[in-house]
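One structure is given here, and the rest of the page talks about it.
Values below: every heavy atom of this structure, side chains too, minus hydrogens, waters and symmetry copies. Reminder, nothing fancy here: chain letters follow the sequence lines and each chain counts from 1.
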Protein chains: 2
Amino acid sequence: MRIGDLAARAGVSVRALRYYEEQGLLTSVRSPGGQRRYADRDVARVLLIQRLYQAGLSSRTIVDLLPCTETPSHEASDLAFERMRQERDRITGHIAELVRTRDALDRLLAANRTHREGLVPG
Amino acid sequence: MRIGDLAARAGVSVRALRYYEEQGLLTSVRSPGGQRRYADRDVARVLLIQRLYQAGLSSRTIVDLLPCTETPSHEASDLAFERMRQERDRITGHIAELVRTRDALDRLLAANRTHREGLVPG
DNA sequence: CTAAAACCTGACGTTGACGTCAGAGGCAAG
DNA sequence: CTTGCCTCTGACGTCAACGTCAGGTTTTAG
């Protein structure tokens, strides 16, 4: 599978895939001519990377965690495991914050709706 | 209230407050010498701004919505109202994504715990 | 065999929310 | 009036995840 195919299947840009490799998030086998070739399983890997980015993790953090995800072995360091727990908790906190923000918006929307429905005629 | 006091009370930097003013998110009255003076209610305003930033809104988006929040009037344009609904829905979607990501991490954590607890002895 | 399409490696550009530094001025206390 | 802290206006720096362009090579369709 070539880089353009992987990009299409994972819904990211070719540039992004090269950047992931540069950051150590993704590896590739090279063709005799030097072009990157990927396996089918890399689609899922890229989707996971995207998911983690979207959750606010940095490249550095992701590269620390990925060994855990690929080969759940005892060698996956305690630090990586602990880091994963930390990130999980951070996400939980972020979700709570977003819920509060949404509630605030809901209250503002309600207040505006009141004024819109003519309870305060102009 | 001076800018340093507001910064301390709202938990942001002085630089951030000047930036908010530059972006049209915050206004101030000037002292005879040209220094910014704020009212107590500006603390809440800054906290709201911070909350919206943290929810992924840009300065531009926030400045569009803030008129709605300060004076819920009929003049608050339909566009601002609609925009607010959009952002609310975007946040809801984002929350759902974060929950999915957290679930993924939970599964990975469970897998690793299995290997850690000696079910696969080394 | 050829031309188009895809890929390669640099390397500089972008964006947003500030950080930081320089040089100068305002302000309450003693 | 001066000491010291706070504040002012520029204006350049930062950082991350790519976008984009240049100039050249590989792969594939016909």
Side-chain angles (χ1 to χ4, degrees), chain A residues 1-39 42-43 45-66 83 87 90-91 94 97 101, chain B residues 1-39 42-43 45-66 83 87 90-91 94 97 101:
Chain A
M1 180 180 205
R2 303 171 68 171
I3 196 172
D5 303 327
L6 179 55
R9 286 203 210 173
V12 305
S13 71
V14 166
R15 177 69 174 93
L17 295 180
R18 295 204 190 101
Y19 176 74
Y20 297 165
E21 184 168 320
E22 187 184 326
Q23 299 298 309
L25 304 178
L26 190 62
T27 55
S28 60
V29 169
R30 297 305 180 107
S31 77
Q35 297 192 355
R36 294 173 178 84
R37 293 299 138 86
Y38 298 95
D42 287 325
V43 177
R45 189 181 179 100
V46 171
L47 290 177
L48 176 61
I49 292 172
Q50 282 287 108
R51 188 171 276 296
L52 294 177
Y53 272 133
Q54 187 243 2
L57 308 213
S58 67
S59 291
R60 174 62 199 278
T61 302
I62 298 177
V63 82
D64 285 350
L65 301 189
L66 279 183
R83 192 73 178 277
E87 292 303 324
R90 199 186 51 77
I91 291 174
H94 193 191
E97 278 302 301
T101 302
Chain B
M1 174 179 212
R2 304 170 71 170
I3 196 171
D5 303 328
L6 179 55
R9 287 205 211 172
V12 305
S13 70
V14 168
R15 176 67 175 95
L17 295 179
R18 295 206 190 99
Y19 176 75
Y20 297 165
E21 183 168 322
E22 186 185 326
Q23 299 298 307
L25 303 178
L26 191 63
T27 57
S28 60
V29 169
R30 297 302 180 109
S31 77
Q35 297 191 351
R36 294 173 179 84
R37 293 299 137 89
Y38 298 95
D42 287 325
V43 177
R45 189 181 178 98
V46 172
L47 290 176
L48 176 60
I49 292 173
Q50 281 286 106
R51 189 171 275 296
L52 294 177
Y53 271 133
Q54 188 242 1
L57 307 212
S58 68
S59 292
R60 174 62 199 279
T61 301
I62 299 177
V63 82
D64 285 351
L65 301 189
L66 279 183
R83 191 74 179 275
E87 293 301 325
R90 199 186 52 74
I91 291 173
H94 193 189
E97 279 300 301
T101 302

Under 4.0 Å between a side-chain N or O of [X] and OP1 or OP2 of [N]?
X: B:Y19; N: C:dA17; value: yes
X: B:S31; N: C:dC27; value: yes
X: A:S13; N: D:dG19; value: yes
X: A:R36; N: C:dC8; value: yes
X: A:Y20; N: D:dC18; value: yes
X: B:R15; N: D:dT9; value: no

What integer distance in Å separates [X]:[atom1] from [N]:[atom2]?
X: B:R2; N: C:dG26; atom1: CZ; atom2: P; result: 13 Å
X: B:I3; N: C:dG26; atom1: CD1; atom2: C1'; result: 14 Å
X: A:E22; N: C:dA11; atom1: CD; atom2: C1'; result: 11 Å
X: A:R18; N: C:dC7; atom1: CZ; atom2: P; result: 8 Å
X: A:I49; N: D:dC18; atom1: CD1; atom2: C1'; result: 14 Å
X: A:R37; N: C:dC7; atom1: CZ; atom2: P; result: 8 Å
X: B:R30; N: C:dC27; atom1: CZ; atom2: P; result: 12 Å
X: B:D5; N: C:dC27; atom1: CG; atom2: P; result: 14 Å

Residues B:R30, B:R36; criterion side chain to side chain contact (heavy atoms under 4.5 Å, CB included); working and verdict: CA-CA 5 Å; B:R30 297 302 180 109; B:R36 294 173 179 84; 3.3 Å; yes
B:Y38 side chain near B:L26 side chain, heavy-atom distance below 4.5 Å: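 Yes, side chains in contact.
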Within-4.5 Å side-chain heavy-atom neighbours: A:I49 and A:L66: yes
Sugar-phosphate only, base, or nothing, as touched by A:R60 at under 4.0 Å among non-hydrogen atoms: nothing
Nearest-nucleotide comparison on DNA chain D, the residue closer to the 5′ end among A:G33 and A:L17: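 In this pair, the answer is A:L17.
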B:E87/B:R51 salt bridge by N-O under 4.0 Å criterion: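 Salt bridge flag = no for B:E87 with B:R51.
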Pair A:Y53-A:S59, side-chain donor/acceptor within less than 3.5 Å: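 Present: a donor and an acceptor within the cut-off.
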Earlier contact from the 5' end, DNA chain C, for B:Q35 and B:S59: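 Looking at DNA chain C, the more 5' nearest nucleotide goes with B:S59.
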